[in-house]
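What follows is one structure encoded as C-alpha coordinates, with my remarks underneath.
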There are 2 protein chains.
Amino acid sequence: MPLDAPLPTDAELAILRVLWAHGPSTVREVQDHLDTDQGYTTVLKHLQLMLDKGLVTRDESGRAHVYAPAVQEADTQRRLVDDLLDRAFGGSARQLVMRALSTEDVSRDELDQIRDLLAQIDDDDHDDA
Amino acid sequence: MPLDAPLPTDAELAILRVLWAHGPSTVREVQDHLDTDQGYTTVLKHLQLMLDKGLVTRDESGRAHVYAPAVQEADTQRRLVDDLLDRAFGGSARQLVMRALSTEDVSRDELDQIRDLLAQIDDDDHDDA
DNA sequence: GCTGAAATACGAACTCGTTCGTACCTACTA
DNA sequence: TAGTAGGTACGAACGAGTTCGTATTTCAGC
(Lines give C-alpha, C1' and ligand atoms only; values in the text may rest on other atoms or scores of the structure.)
Protein backbone atom coordinates (compact mmCIF):
# COMPACT_ATOMS: atom_id res chain seq x y z
CA MET A 1 0.00 0.00 0.00
CA PRO A 2 1.53 3.30 -1.05
CA LEU A 3 1.99 6.05 1.51
CA ASP A 4 -1.17 8.09 1.14
CA ALA A 5 -1.02 10.55 -1.68
CA PRO A 6 -1.63 14.23 -1.00
CA LEU A 7 -4.89 15.90 -1.89
CA PRO A 8 -4.99 16.73 -5.59
CA THR A 9 -4.80 20.33 -6.68
CA ASP A 10 -7.51 21.81 -8.88
CA ALA A 11 -5.91 20.85 -12.16
CA GLU A 12 -5.06 17.43 -10.82
CA LEU A 13 -8.58 16.85 -9.63
CA ALA A 14 -9.93 17.71 -13.06
CA ILE A 15 -7.60 15.12 -14.57
CA LEU A 16 -8.50 12.53 -11.96
CA ARG A 17 -12.15 13.01 -12.77
CA VAL A 18 -11.41 12.18 -16.39
CA LEU A 19 -9.53 9.05 -15.37
CA TRP A 20 -12.28 7.98 -12.96
CA ALA A 21 -14.89 8.46 -15.64
CA HIS A 22 -13.07 6.93 -18.60
CA GLY A 23 -10.58 4.55 -17.05
CA PRO A 24 -6.87 4.29 -17.92
CA SER A 25 -6.01 6.80 -20.63
CA THR A 26 -3.16 8.24 -22.61
CA VAL A 27 -2.21 11.87 -22.28
CA ARG A 28 -4.05 12.70 -25.47
CA GLU A 29 -7.21 10.94 -24.34
CA VAL A 30 -7.15 12.85 -21.07
CA GLN A 31 -6.63 16.09 -22.93
CA ASP A 32 -9.56 15.37 -25.23
CA HIS A 33 -11.91 14.75 -22.31
CA LEU A 34 -10.94 17.81 -20.31
CA ASP A 35 -13.35 20.72 -20.34
CA THR A 36 -10.51 23.21 -20.43
CA ASP A 37 -8.32 23.82 -23.47
CA GLN A 38 -4.98 22.91 -22.02
CA GLY A 39 -1.92 22.32 -24.13
CA TYR A 40 -0.77 18.76 -24.58
CA THR A 41 2.45 19.25 -22.68
CA THR A 42 0.59 20.88 -19.82
CA VAL A 43 -1.54 17.79 -19.34
CA LEU A 44 1.53 15.63 -19.72
CA LYS A 45 3.36 17.64 -17.09
CA HIS A 46 0.47 17.35 -14.68
CA LEU A 47 0.34 13.60 -15.13
CA GLN A 48 4.07 13.35 -14.56
CA LEU A 49 3.80 15.32 -11.34
CA MET A 50 0.81 13.26 -10.30
CA LEU A 51 2.86 10.14 -10.88
CA ASP A 52 5.54 11.49 -8.56
CA LYS A 53 2.91 12.27 -5.94
CA GLY A 54 1.37 8.84 -6.21
CA LEU A 55 -1.96 10.08 -7.51
CA VAL A 56 -1.71 7.97 -10.68
CA THR A 57 0.18 4.97 -11.97
CA ARG A 58 1.30 4.43 -15.53
CA ASP A 59 1.87 1.64 -17.95
CA GLU A 60 4.91 2.32 -20.09
CA SER A 61 4.76 -0.83 -22.19
CA GLY A 62 3.13 0.74 -25.21
CA ARG A 63 4.09 3.57 -27.54
CA ALA A 64 2.16 6.10 -25.47
CA HIS A 65 2.10 5.76 -21.71
CA VAL A 66 -1.24 4.87 -20.19
CA TYR A 67 -2.17 6.54 -16.92
CA ALA A 68 -4.57 5.12 -14.35
CA PRO A 69 -5.86 6.65 -11.12
CA ALA A 70 -4.01 5.46 -8.02
CA VAL A 71 -6.56 6.93 -5.62
CA GLN A 72 -10.23 6.14 -5.31
CA GLU A 73 -12.89 8.67 -6.18
CA ALA A 74 -14.97 8.09 -3.04
CA ASP A 75 -11.88 8.33 -0.87
CA THR A 76 -10.70 11.54 -2.45
CA GLN A 77 -14.13 13.09 -2.26
CA ARG A 78 -14.40 12.26 1.41
CA ARG A 79 -11.01 13.82 2.10
CA LEU A 80 -11.96 16.95 0.20
CA VAL A 81 -15.17 17.22 2.19
CA ASP A 82 -13.26 16.70 5.43
CA ASP A 83 -10.89 19.43 4.37
CA LEU A 84 -13.69 21.90 3.68
CA LEU A 85 -15.37 20.80 6.89
CA ASP A 86 -12.31 21.82 8.85
CA ARG A 87 -11.59 25.01 7.01
CA ALA A 88 -15.07 26.49 6.84
CA PHE A 89 -17.46 24.66 9.14
CA GLY A 90 -15.52 23.98 12.31
CA GLY A 91 -16.08 20.30 11.66
CA SER A 92 -19.86 20.46 11.76
CA ALA A 93 -21.09 18.11 9.07
CA ARG A 94 -24.63 19.19 9.87
CA GLN A 95 -23.95 22.76 8.83
CA LEU A 96 -22.20 21.67 5.68
CA VAL A 97 -25.10 19.46 4.69
CA MET A 98 -27.52 22.29 5.34
CA ARG A 99 -25.53 24.58 3.07
CA ALA A 100 -25.30 21.91 0.41
CA LEU A 101 -29.04 21.41 0.46
CA SER A 102 -29.71 25.13 0.30
CA THR A 103 -28.25 25.12 -3.21
CA GLU A 104 -31.69 25.42 -4.72
CA ASP A 105 -31.31 22.79 -7.43
CA VAL A 106 -31.55 19.64 -5.37
CA SER A 107 -34.26 17.56 -6.91
CA ARG A 108 -37.05 15.78 -5.05
CA ASP A 109 -35.40 12.54 -6.09
CA GLU A 110 -32.10 13.51 -4.57
CA LEU A 111 -33.80 14.47 -1.34
CA ASP A 112 -35.46 11.07 -1.22
CA GLN A 113 -32.16 9.34 -1.75
CA ILE A 114 -30.59 11.34 1.05
CA ARG A 115 -33.51 10.39 3.30
CA ASP A 116 -32.88 6.76 2.51
CA LEU A 117 -29.23 7.19 3.34
CA LEU A 118 -30.14 8.68 6.70
CA ALA A 119 -32.41 5.77 7.46
CA GLN A 120 -29.67 3.37 6.59
CA ILE A 121 -27.17 5.10 8.85
CA ASP A 122 -29.74 4.87 11.61
CA ASP A 123 -30.06 1.13 11.08
CA ASP A 124 -26.31 0.69 11.26
CA ASP A 125 -26.25 2.63 14.50
CA HIS A 126 -28.70 0.22 16.06
CA ASP A 127 -26.16 -2.56 15.58
CA ASP A 128 -23.37 -0.65 17.29
CA ALA A 129 -24.91 1.25 20.16
CA MET B 1 -24.21 46.97 -2.46
CA PRO B 2 -20.53 46.21 -3.16
CA LEU B 3 -19.60 44.13 -6.17
CA ASP B 4 -19.41 40.60 -4.78
CA ALA B 5 -16.13 39.85 -3.14
CA PRO B 6 -14.08 36.88 -4.33
CA LEU B 7 -13.94 33.65 -2.41
CA PRO B 8 -11.54 33.95 0.51
CA THR B 9 -8.26 32.06 0.43
CA ASP B 10 -7.36 29.67 3.22
CA ALA B 11 -5.69 32.25 5.42
CA GLU B 12 -8.45 34.73 4.74
CA LEU B 13 -11.12 32.21 5.63
CA ALA B 14 -9.43 31.52 8.95
CA ILE B 15 -9.49 35.24 9.69
CA LEU B 16 -13.10 35.59 8.61
CA ARG B 17 -14.05 32.80 10.98
CA VAL B 18 -12.53 34.76 13.84
CA LEU B 19 -14.44 37.87 12.82
CA TRP B 20 -17.69 35.95 12.44
CA ALA B 21 -17.25 34.38 15.85
CA HIS B 22 -16.04 37.42 17.79
CA GLY B 23 -17.40 40.37 15.87
CA PRO B 24 -15.42 43.46 14.81
CA SER B 25 -11.84 43.17 16.02
CA THR B 26 -8.46 44.84 15.91
CA VAL B 27 -5.52 43.15 14.27
CA ARG B 28 -4.20 42.06 17.62
CA GLU B 29 -7.50 40.59 18.68
CA VAL B 30 -7.72 38.62 15.47
CA GLN B 31 -4.19 37.39 15.95
CA ASP B 32 -4.95 36.26 19.48
CA HIS B 33 -7.93 34.22 18.39
CA LEU B 34 -6.25 32.50 15.48
CA ASP B 35 -5.22 28.88 15.96
CA THR B 36 -2.03 29.39 14.03
CA ASP B 37 0.94 31.36 15.34
CA GLN B 38 1.12 34.03 12.69
CA GLY B 39 3.19 37.15 13.08
CA TYR B 40 1.34 40.36 13.77
CA THR B 41 2.28 41.95 10.47
CA THR B 42 1.18 38.85 8.61
CA VAL B 43 -2.31 39.13 10.03
CA LEU B 44 -2.27 42.85 9.33
CA LYS B 45 -1.24 42.27 5.75
CA HIS B 46 -4.01 39.76 5.25
CA LEU B 47 -6.59 42.17 6.62
CA GLN B 48 -5.31 44.92 4.35
CA LEU B 49 -5.59 42.66 1.31
CA MET B 50 -9.02 41.54 2.45
CA LEU B 51 -10.04 45.17 2.70
CA ASP B 52 -8.95 45.70 -0.90
CA LYS B 53 -10.92 42.64 -1.97
CA GLY B 54 -14.02 43.76 -0.14
CA LEU B 55 -14.01 40.85 2.29
CA VAL B 56 -13.88 43.13 5.31
CA THR B 57 -14.57 46.74 6.21
CA ARG B 58 -12.67 48.77 8.75
CA ASP B 59 -13.27 51.56 11.19
CA GLU B 60 -10.29 53.88 11.31
CA SER B 61 -11.64 56.26 13.91
CA GLY B 62 -9.74 54.82 16.84
CA ARG B 63 -6.08 54.31 17.59
CA ALA B 64 -6.14 50.80 16.19
CA HIS B 65 -8.29 50.03 13.15
CA VAL B 66 -11.23 47.78 13.79
CA TYR B 67 -12.05 45.23 11.11
CA ALA B 68 -15.49 43.76 10.51
CA PRO B 69 -16.58 41.05 8.07
CA ALA B 70 -18.12 42.40 4.87
CA VAL B 71 -19.42 39.01 3.77
CA GLN B 72 -21.88 36.74 5.53
CA GLU B 73 -20.83 33.42 6.93
CA ALA B 74 -23.76 31.47 5.48
CA ASP B 75 -23.24 33.05 2.09
CA THR B 76 -19.54 32.29 2.02
CA GLN B 77 -20.11 28.74 3.18
CA ARG B 78 -22.66 28.17 0.46
CA ARG B 79 -20.28 29.48 -2.18
CA LEU B 80 -17.49 27.28 -0.90
CA VAL B 81 -19.76 24.27 -1.03
CA ASP B 82 -20.84 25.19 -4.54
CA ASP B 83 -17.22 25.45 -5.52
CA LEU B 84 -16.38 22.01 -4.17
CA LEU B 85 -19.55 20.68 -5.73
CA ASP B 86 -18.35 21.79 -9.14
CA ARG B 87 -14.77 20.72 -8.75
CA ALA B 88 -15.23 17.29 -7.26
CA PHE B 89 -18.82 16.14 -7.54
CA GLY B 90 -19.99 17.21 -10.97
CA GLY B 91 -22.62 19.30 -9.23
CA SER B 92 -24.31 16.40 -7.48
CA ALA B 93 -25.31 17.68 -4.04
CA ARG B 94 -26.55 14.21 -3.19
CA GLN B 95 -23.11 12.70 -3.57
CA LEU B 96 -21.51 15.45 -1.54
CA VAL B 97 -24.00 14.97 1.27
CA MET B 98 -23.38 11.25 1.22
CA ARG B 99 -19.65 11.80 1.56
CA ALA B 100 -20.20 14.33 4.32
CA LEU B 101 -22.33 11.90 6.26
CA SER B 102 -19.86 9.05 5.81
CA THR B 103 -17.44 10.99 8.01
CA GLU B 104 -18.14 8.66 10.92
CA ASP B 105 -18.44 11.33 13.60
CA VAL B 106 -21.88 12.65 12.81
CA SER B 107 -23.91 12.36 15.97
CA ARG B 108 -27.44 11.00 16.28
CA ASP B 109 -28.51 14.51 17.14
CA GLU B 110 -27.03 15.93 13.98
CA LEU B 111 -28.72 13.27 11.90
CA ASP B 112 -32.05 14.18 13.48
CA GLN B 113 -31.51 17.82 12.70
CA ILE B 114 -30.73 17.01 9.10
CA ARG B 115 -33.88 14.92 8.92
CA ASP B 116 -35.85 17.88 10.18
CA LEU B 117 -34.24 20.06 7.56
CA LEU B 118 -35.25 17.63 4.84
CA ALA B 119 -38.82 17.60 6.07
CA GLN B 120 -38.85 21.37 6.04
CA ILE B 121 -37.56 21.55 2.49
CA ASP B 122 -40.29 19.13 1.51
CA ASP B 123 -42.91 21.39 3.08
CA ASP B 124 -41.60 24.37 1.19
CA ASP B 125 -41.75 22.40 -2.01
CA HIS B 126 -45.43 21.74 -1.47
CA ASP B 127 -46.04 25.48 -1.66
CA ASP B 128 -44.24 25.86 -4.96
CA ALA B 129 -44.98 22.80 -7.03
C1' DG C 1 6.52 69.58 22.74
C1' DC C 2 9.20 64.93 23.25
C1' DT C 3 9.57 60.35 23.59
C1' DG C 4 8.50 55.64 23.31
C1' DA C 5 5.18 52.07 22.74
C1' DA C 6 2.02 50.39 19.60
C1' DA C 7 0.02 50.60 15.41
C1' DT C 8 0.17 50.90 10.16
C1' DA C 9 2.26 50.69 5.47
C1' DC C 10 5.30 48.91 2.26
C1' DG C 11 8.11 45.85 -0.13
C1' DA C 12 10.47 41.76 -0.88
C1' DA C 13 11.30 36.85 -0.55
C1' DC C 14 9.66 32.31 -0.86
C1' DT C 15 6.60 28.44 -2.08
C1' DC C 16 3.34 26.22 -4.88
C1' DG C 17 0.51 25.58 -8.79
C1' DT C 18 0.05 26.19 -13.61
C1' DT C 19 1.45 26.66 -18.24
C1' DC C 20 4.04 25.91 -22.18
C1' DG C 21 8.36 26.22 -25.28
C1' DT C 22 11.95 23.47 -26.68
C1' DA C 23 14.73 19.51 -27.01
C1' DC C 24 14.92 14.83 -27.43
C1' DC C 25 13.42 10.06 -28.47
C1' DT C 26 11.11 6.28 -31.06
C1' DA C 27 9.05 3.68 -34.43
C1' DC C 28 6.59 3.45 -38.78
C1' DT C 29 6.87 4.11 -43.67
C1' DA C 30 8.21 5.28 -48.10
C1' DT D 1 17.64 3.66 -44.01
C1' DA D 2 16.32 8.50 -43.67
C1' DG D 3 12.50 11.34 -42.61
C1' DT D 4 8.65 12.42 -39.95
C1' DA D 5 4.64 12.12 -36.94
C1' DG D 6 3.75 11.65 -32.46
C1' DG D 7 5.22 10.80 -28.26
C1' DT D 8 8.22 12.05 -23.65
C1' DA D 9 11.34 14.87 -20.67
C1' DC D 10 13.02 19.00 -19.00
C1' DG D 11 13.32 23.59 -17.58
C1' DA D 12 11.79 28.10 -17.12
C1' DA D 13 8.44 31.74 -16.57
C1' DC D 14 4.54 33.54 -14.40
C1' DG D 15 0.95 34.44 -10.94
C1' DA D 16 -1.16 33.86 -6.49
C1' DG D 17 -0.82 33.25 -1.75
C1' DT D 18 1.76 33.62 2.42
C1' DT D 19 5.05 35.41 5.47
C1' DC D 20 7.65 38.74 7.70
C1' DG D 21 11.44 42.49 8.10
C1' DT D 22 11.80 47.20 8.15
C1' DA D 23 10.29 51.89 7.78
C1' DT D 24 6.96 55.07 9.03
C1' DT D 25 3.19 57.04 11.57
C1' DT D 26 0.40 58.10 15.63
C1' DC D 27 -0.83 59.22 20.12
C1' DA D 28 -0.81 59.09 25.23
C1' DG D 29 1.72 60.58 29.05
C1' DC D 30 5.51 62.95 31.00
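Throughout, a chain's letter reflects where its sequence line sits, starting with A, and its residues are numbered from 1. Note: hydrogens, waters and symmetry copies are ignored here, and every other heavy atom, side chains too, is used.
Residue contacts shown for B:Thr41 include a base, since a base heavy atom lies under 4.0 Å away. Looking at heavy-atom distances under 4.0 Å, A:Thr42 makes contact with a base. Among the heavy atoms of the strands lying under 4.0 Å from A:Gln48 is at least one base atom, whether or not backbone atoms are also near.
Rounded to a whole Å, the CG atom of B:Leu13 is 14 Å from the C1' atom of D:dG17. Separating the CG atom of A:Asp32 from the P atom of D:dG7 is a distance of 10 Å, rounded to the nearest angstrom. Residue A:Gln31 contributes atom CD, which lies 10 Å from atom P of C:dC20 at whole-angstrom precision. As a whole-Å value, the separation of B:Leu44 CG from D:dT26 P is 15 Å. Taking atom CG of B:Leu47 as the reference point, atom C1' of D:dC20 lies 15 Å away to the nearest angstrom. For the pair B:Asp59 CG and C:dT8 P, the computed distance is 12 Å after rounding to whole Å. In this structure, B:His65 atom NE2 and D:dT26 atom P are separated by 9 Å, rounded to whole Å. Atom CG in B:Asp52 sits about 15 Å away from atom P in D:dT18, given to the nearest Å.
Residue A:Asp10 has its side chain nearest to C:dT18 when only D:dG7, D:dA9, C:dT18 are considered. Of the candidate nucleotides D:dG7, C:dC20, C:dA7, C:dA7 has the atom nearest to the side chain of B:Arg63. The B:Lys53 side chain lies nearest to D:dG17 when the options are D:dG17, D:dT8, C:dT19. Comparing C:dA7, D:dT19, C:dT19 by their closest approach to the side chain of B:Tyr40 singles out C:dA7.
Residue B:Lys45 places a side-chain atom within donor-acceptor reach of the base of C:dG11, judged by atom type and a 3.5 Å distance cut-off alone.
The closest side-chain heavy-atom distance from B:Thr76 to B:Pro8 is below 4.5 Å.
Regarding contacts with the backbone of C:dA5, every side-chain N or O of B:Arg28 stays at 4.0 angstrom or more from both OP1 and OP2. In this structure, B:His46 reaches the D:dT19 phosphate: one of its side-chain N or O atoms is under 4.0 Å from OP1 or OP2.
Hydrophobic clustering, with ILVMFWY side chains joined whenever heavy atoms are under 4.5 angstrom apart, groups A:Val81 together with A:Trp20. By the rule that hydrophobic residues join a cluster once side-chain heavy atoms approach within less than 4.5 Å of another member, A:Leu84 and A:Leu7 end up as members of one cluster.
To the nearest 0.5 Å, atom CG of residue A:Leu34 and atom OG1 of residue A:Thr42 are 10.5 Å apart. The distance from atom CD of B:Gln77 to atom CG of B:Leu13, rounded to the nearest 0.5 Å, is 8.5 Å. Remark: B:Gln72 CD to B:Leu16 CG distance equals 12.0 Å, nearest 0.5 Å.
Pairing analysis of DNA chain C (Watson-Crick: purine N1 to pyrimidine N3 plus N6-O4 or O6-N4; G-U wobble: N1-O2 and O6-N3; both under 3.5 Å) yields stems of 3 or more pairs at C:1-30 with D:1-30.
Heavy-atom neighbours of A:Asp37 CG from other residues, nucleotides or ligands within 6.0 Å: at or below the threshold of 12. Heavy-atom neighbours of B:Asp35 CG from other residues, nucleotides or ligands within 6.0 Å: at or below the threshold of 12.
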